[in-house]
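First up is the structure itself, then whatever we jot down about it.
Nothing fancy with the numbering, it's 1 onward along the sequence.
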Amino acid sequence: MGGWRRRTRSAASRCTATPRSSSPSIRAWQSACPTSCLPARILTPVSRRYPTREWTLHDFDIGRPLGKGKFGRVYMVRTKAEPKYILALKTLYKSEIVQSRVEKQIRREIEIQQNLRHPNVLRLYGYFHDEKRIFLMLEFAGKGELYKQLSKHGCFSEKRSARYIDQMADALTYLHGKHVIHRDIKPENLLLGINGELKIGDFGWSVHAPGNRRKTMCGTLDYLPPEMVEQKEHNERVDHWALGVLTYEFLIGNPPFEDRDSVNNTYRRIASVDLRFPNHMSSDARDLISKLLRHDPQDRISLAEVMKHPWIVKYRPKGQIRPSQLGM
């Protein structure tokens, strides 16, 4: 099942600066949890004293709501048993999933995300379900939704944008190495960890594609690449295009091909790569964006080249080692 969504945006976001369950079994914590992203008692390594177990809703103290999705809400929760982990619990209503005919999509999302291990990818620790709902046990992103930050500030500085894109490129390198194409990169699907690090979440449109060639048109209109607009096959380079659109939106406050009055005009601008830069954007930022937003997927700069680009290197903290350099 394919399709794209058009975004709804508030005026405040404009820049002002120059499934059905795949198994009745219940999976839980799998392998050690990362310790660098959250303080003590939010998330610590799972020891042999806390092995994989079955979970129910009664095992959690339910806290404040963190957000609302299409099929349910996300809550901050804490395990009742020691050592009292804090995590995000995403609820999905089975009836709405079936009604929207996205059972396969939800199943695929769970299967893909629960096998990913990267500091800039939101962890899915496991899931369980009852008669009406599916519950996803997700890593708690301490600083919340990145899109709220972007809406609050209008746009980000070049330094902040470059550091986010550096993390994105490293995470996408990891995903593509696992033959996972995300296909819906945008600010709304990004979260921030307790130390402000970026986390890619929402793998609803992602696909595991060892053959790398796909035909489904999906994602969000403003981020669709030319090959999807022209209904051609696509591969992992759709994420490279989205990275270019994301860079532009971080810096300007809105995506480069957006036309609020006409969907057809947005299609046309994407297909012709009608890219327009404001005068205040730096030449290095323009260079990176223009190398990512190429009509031919094979002409788009590689993720390795993104991480070596002068604009990225200029703002990278001194001595920082990216996870990809550690063989993750």
Side-chain angles (χ1 to χ4, degrees), residues 21 25-93 106 109-130 132-152 164 167-168 171 174 187-204 206 323 328:
S21 173
S25 64
I26 302 170
R27 300 190 182 187
W29 310 97
Q30 298 174 347
S31 77
C33 302
T35 59
S36 60
C37 58
L38 294 169
R41 286 195 172 274
I42 290 183
L43 203 60
T44 52
V46 176
S47 71
R48 292 178 182 177
R49 293 189 299 123
Y50 303 100
T52 297
R53 54 164 287 182
E54 294 190 349
W55 296 85
T56 72
L57 197 57
H58 300 294
D59 293 315
F60 302 94
D61 291 318
I62 309 299
R64 65 181 175 89
L66 298 173
K68 185 178 180 181
K70 184 177 181 182
F71 302 114
R73 291 183 178 272
V74 182
Y75 297 91
M76 177 190 288
V77 301
R78 182 179 63 188
T79 58
K80 292 180 179 178
E82 293 292 343
K84 296 187 181 292
Y85 296 108
I86 290 178
L87 62 153
L89 193 66
K90 183 176 182 179
T91 64
L92 305 170
Y93 284 90
I106 297 297
E109 176 181 3
I110 293 171
E111 289 172 350
I112 289 175
Q113 194 171 358
Q114 72 177 354
N115 287 303
L116 300 176
R117 306 285 187 276
H118 188 281
N120 300 118
V121 174
L122 196 73
R123 281 287 303 272
L124 171 61
Y125 298 112
Y127 67 91
F128 58 96
H129 62 97
D130 59 20
K132 295 183 178 180
R133 296 164 295 183
I134 299 170
F135 301 91
L136 306 185
M137 300 163 60
L138 295 162
E139 176 184 359
F140 172 63
K143 292 193 175 178
E145 300 172 10
L146 182 140
Y147 185 65
K148 287 185 178 179
Q149 291 288 316
L150 185 58
S151 298
K152 176 182 177 181
Y164 284 155
Q167 295 172 52
M168 282 291 306
Y174 169 80
E188 293 91 331
N189 288 341
L190 304 176
L191 299 164
L192 296 173
I194 197 69
N195 296 314
E197 73 279 18
L198 182 145
K199 303 275 186 182
I200 301 178
D202 198 333
F203 284 77
S206 63
M328 291 192 68

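- Atoms NZ and CZ, from Lys84 and Arg78 in turn, are 5.0 Å apart once rounded to the nearest 0.5 Å.
- With hydrogens and angles disregarded, a donor-acceptor distance shorter than 3.5 Å links the side chain of Asp202 to the backbone of Gly204.
- When the salt bridge (Lys or Arg N to Asp or Glu O under 4.0 Å) test is applied to Glu145, no partner is found at least two apart in sequence or on another chain.
- We find the CD1-CD1 distance between Ile194 and Ile86 to be 9.5 Å, quoted to the nearest 0.5 Å.
- A parallel orientation is assigned to the rings of Trp55 and Phe60, their planes being inclined by less than 30° (bins at 30° and 60°).
- Inter-residue side-chain proximity for Arg133 and Leu57 is flagged as met; some heavy-atom pair is nearer than 4.5 Å.
- Ser206 OG to Asn189 CG: the interatomic distance, rounded to the nearest 0.5 Å, is 10.5 Å.
- Atom NZ of Lys143 is separated from atom NZ of Lys199 by 12.5 Å, given to the nearest 0.5 angstrom.
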Go through the steps for Leu138 and Gln113 under the test side-chain contact (heavy atoms from CB on, under 4.5 Å), then give the verdict.
CA-CA 10 Å; Leu138 295 162; Gln113 194 171 358; 3.8 Å; yes
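- More than 12 heavy atoms of other residues, nucleotides or ligands sit less than 6.0 Å from atom NZ of Lys80.
- Contact annotation: the side chain of Asp59 never approaches that of Phe128 to less than 4.5 Å [non-hydrogen atoms, C-beta and beyond].
- Contact annotation: the side chain of Met137 approaches that of Leu89 to within less than 4.5 Å [non-hydrogen atoms, C-beta and beyond].
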I'd like to know whether Ile200 forms a side-chain contact (heavy atoms from CB on, under 4.5 Å) with Leu122, so could you lay out the CA-CA distance, the side-chain angles of the two residues, the decisive distance to 0.1 Å, and finally the verdict.
CA-CA 6 Å; Ile200 301 178; Leu122 196 73; over 6 Å; no
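- With rounding to the nearest 0.5 Å, the separation of NZ in Lys148 from CG in Leu192 is 11.5 Å.
- One distance of note links CG of Leu136 with CD1 of Ile110; it measures 5.0 Å at 0.5 Å rounding.
- At least one side-chain heavy atom of Val77 sits less than 4.5 Å from a side-chain heavy atom of Leu87.
- The closest side-chain heavy-atom distance from Glu139 to Leu191 is not below 4.5 Å.
- For the pair Glu188 (side chain) and Tyr147 (backbone), a donor-acceptor distance under 3.5 Å is absent.
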Step by step, work out the side-chain contact (heavy atoms from CB on, under 4.5 Å) result for Leu124 and Phe203.
CA-CA 10 Å; Leu124 171 61; Phe203 284 77; over 6 Å; no
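- No side-chain donor-acceptor contact under 3.5 Å links Lys90 to the backbone of Arg73.
- Formation of a donor-acceptor pair under 3.5 Å by the Asn120 side chain with backbone atoms of Leu198 is found in this model.
- Side-chain atoms of Leu146 and Tyr164, non-hydrogen and from C-beta on, do get closer than 4.5 Å to each other.
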